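Computed from a predicted model, the values in this text were never measured in an experiment. FYI, the numbering just counts along the sequence from 1.
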Amino acid sequence: MSGTTPQPTSATRTRSWWGWGWADAHPDDAECAAMGALIPGTLAHPLPVPRVRDLAVERPAVEPPAGLAHLVATGPEERAAHAMGKAYRDVVRALRGRPGRIPDLVARPTDEREVADLLDWAGERQVAVVPYGGGSSVSGGVEYRGDTHRAVLSLDLTAMGRVLEVDAVGRAARIQAGALGPSLENQLRPHGLTLRHFPQSFEFSTLGGWLATRAGGHYATGRTHIDDFVQSLRVVTPAGTSASWRLPASGAGPSPDRLFLGSEGALGVITEAWVRLQERPTHKESASLSFTDFHAALEAVRAIAQSDLAPANCRLLDAGEAALSGSSHDGSAVLVLGFESADGPVTARLGQAVDLARSHGGRRGGADGADTADSDAAVGAWRSAFLRMPYLRDGLARMGAVAETFETAATWDRIPGLIEAVRREVGEAALKASGHPATVNCRLTHVYPDGAAPYFTVLAAGRPGDEVAFWDDLKAVASDVLHRHRATITHHHAVGRDHRPGYDRQRPDPFALALRAAKGALDPRGILNPGVLVD
């Protein structure tokens, strides 16, 4: 008798300690080898999946505080899983058995009092504290680099993951910072409301992490960042707790919330927030259009961004990115559009956006421009590839390939030249360093009336055993291009430690002075996420 194999649930699945997402979702050896064969110069066989027991995990340098010991884990598995984020360079370091400084302790506080007590204890003993949400950082934001602290404590906020209060009239909720994306939405669902902030890391990231990194989310236009949903924050610092008023808007001086949004745990630990919600959309429609001319596609996207149509999704994939996602195989660029509403049909708005795109040379569906099922298939292919891509990246890393992304934002007048310069200069640097050509693809993930956020994917053969340095060299080349074109070092992936050189060049000197003063006032012993944003 035939049967169906039960699928694992989130309650029974295991997170990968070394790579992205669920351990059971990673490509197997055969799939890794098949992917590697597409990139000249990669390894003949995949690197083995790393094991914690093969790491040199030293004994903790400190004992947990007696009164809080029940919150603290000291086992090798917990500590190794909190040693790094999920960037390519993190994955490769784990594969090579070189994860860096493994935290001595992992603490999971359940309330603000315990957070404050842990910070007090750490300050007295010169223990570095690295706030940790879902661990999905791709910029070196959740690891300790250096040797100036006696020990390292990873402060995992996921035990603080409840929706505490819902204001249905004002459509807002008070939510603890450790709430992972799926849990947050599940708790809001009975109220008919949603935050609707869906970064690619949604399944494996927390509200506090989104706030601390100014994460970009679901919307490609309008409310693109988590900032747009914040009413107020509570933040525990070594100098006391900051609690801003919950207000729809305020002109009362510099915003206290703005100080902590994007602070990456360097100024305090975000413990909860009031966030704006909305009704769940019931009307959704999407379409895709193909372009033979990428520059014409850029003009189409700019026209849509400068209209009042406000699509929820407006992603432009260049020919390489479209082929990689399976959205197109004929060398065309693909524009993916999506509209949604809780109030009424969105057919008219989608139609207007499609017309705008067509006026710039876009084709919907078949080669004759007729609407066909091909459009829906392209949207579905992009969506599936979007969620699967981090796992494939890790599979390529096992083959010794460089497979990584970086993003930025610039004004429309700079976008064409910026994209061309990144493709050319990063490609040339990869060829020179490895002897093999690289693929540098681009897509626009978020668009604004005055500019856009290009997101680049780099695929190249690495240097076996030296993959991290190879990627760092390519990233330095890319950062120089961004700086020359006055494009931000990051649009939504945060600064962390990997982007510090670019951030130091980008921010104004007086602001750096003020930020250092704030760090000194709020964290006088310098224990909070040392090396992030300021020294």
Side-chain angles (χ1 to χ4, degrees), residues 196-200 214-229 278 281 283-319 321-322 325 327-328 332-341 346-364 375 378-379 382-383 386 407-420 422 441-456 482 485-488 490-493:
R196 206 144 182 82
H197 180 81
F198 298 137
Q200 189 176 31
R214 299 184 65 191
H218 171 71
Y219 293 101
T221 67
R223 296 168 293 182
T224 59
H225 281 73
I226 192 65
D227 313 30
D228 302 315
F229 299 94
Q278 57 190 294
H283 303 272
K284 300 179 186 179
E285 291 195 37
S286 60
S288 70
L289 297 98
S290 59
F291 292 79
T292 56
D293 184 337
F294 184 69
H295 291 285
L298 287 175
E299 287 299 302
V301 171
R302 181 171 66 86
I304 292 169
Q306 291 176 346
S307 72
D308 62 355
L309 296 172
N313 195 6
C314 187
R315 302 293 204 275
L316 175 62
L317 319 178
D318 72 5
E321 195 74 6
S325 69
S327 302
S328 172
S332 297
V334 172
L335 172 60
V336 179
L337 292 170
F339 286 81
E340 60 183 40
S341 172
V346 294
T347 304
R349 283 195 292 149
L350 176 62
Q352 288 179 267
V354 167
D355 287 345
L356 271 176
R358 280 175 166 158
S359 71
H360 289 83
R363 299 192 316 274
R364 187 177 181 187
S375 178
V379 173
W382 167 80
R383 186 178 293 113
F386 179 74
E407 34 69 63
T408 184
T411 51
W412 281 115
D413 59 316
R414 299 179 185 275
I415 288 293
L418 168 66
I419 293 173
E420 175 57 32
V422 168
N441 296 331
C442 177
R443 67 181 185 266
L444 301 188
T445 61
H446 301 78
V447 295
Y448 306 92
D450 51 351
Y455 193 111
F456 296 93
L482 301 186
H485 287 260
R486 296 185 69 83
T488 182
T490 178
H491 173 263
H492 60 266
H493 278 172

Could you check whether any side-chain heavy atom of Q278 comes within less than 4.5 Å of a side-chain heavy atom of F229, counting everything from C-beta outward? yes
Give me the atom names and distance for the closest heavy-atom approach of F291 to A297. CG-CB, 3.6 Å
Any donor-acceptor pair under 3.5 Å linking the side chain of T408 with the backbone of T488? yes
Intermediate values then yes/no, side-chain contact (heavy atoms from CB on, under 4.5 Å), D318 and I419: CA-CA 10 Å; D318 72 5; I419 293 173; 5.9 Å; no
Rounded to the nearest 0.5 Å, what separation is found between the CG atom of L309 and the SG atom of C314? 9.5 Å
Mind listing the closest non-hydrogen atom pair of A487 and L418 along with its distance? CB-CD2, 3.9 Å
Where do W412 and L444 come nearest, in terms of heavy atoms and distance? CH2-CD1, 4.3 Å
So how far is it from L337 CG to R364 CZ, rounded to the nearest 0.5 Å? 9.0 Å
Output yes when a side-chain donor or acceptor of T221 lies under 3.5 Å from a complementary backbone atom of P311, and no otherwise. yes
Would F294 and E420 count as a side-chain contact (heavy atoms from CB on, under 4.5 Å) here? Give the steps. CA-CA 11 Å; F294 184 69; E420 175 57 32; over 6 Å; no
Rounded to the nearest 0.5 angstrom, the OG-CG distance for S325 and N441 is 9.5 Å
Can you check side-chain contact (heavy atoms from CB on, under 4.5 Å) on T292 and R363, steps first, answer last? CA-CA 9 Å; T292 56; R363 299 192 316 274; 3.5 Å; yes
Approximate separation, where rounding is to 0.5 Å, of Q306 CD and L356 CG: 10.5 Å
State the CG-OG distance between D293 and S332, to the nearest 0.5 angstrom. 10.5 Å
Closest non-hydrogen atoms of V334 and S288, given as atom of the first, atom of the second and distance, are CG1-CB, 4.1 Å
L289 CG to S328 OG distance, which is reported to the nearest 0.5 Å: 12.0 Å
Test log, rule side-chain contact (heavy atoms from CB on, under 4.5 Å), inputs S286 and V336: CA-CA 7 Å; S286 60; V336 179; 5.7 Å; no
Donor-acceptor check, side chain of E407 to backbone of H492, threshold 3.5 angstrom: yes or no? yes
Just jot down the ring-ring contact (aromatic ring centres under 6.0 Å, His included) partners of H491, sequence neighbours excluded, or say none. H225, H446, Y448
For V447 versus A305, what's the shortest heavy-atom pair and its separation? CG2-CB, 4.0 Å
Sort and list the pairs that fulfil salt bridge (Lys or Arg N to Asp or Glu O under 4.0 Å) and have at least one residue in residues 442-451, not counting sequence neighbours. E321-R443
Among H197, E340, R223, the one residue meeting side chain to side chain donor-acceptor pair (under 3.5 Å) with H218: E340
If you define the side chain from C-beta out and look only at heavy atoms, does anything of V422 sit under 4.5 Å from C442? no
Can you pull out every salt bridge (Lys or Arg N to Asp or Glu O under 4.0 Å) where at least one residue sits in residues 300-315? Sequence neighbours excluded, please. E299-R302
Identify the two heavy atoms, one from A322 and one from L317, that lie closest to each other, and give their separation to 0.1 Å. N-CB, 3.9 Å
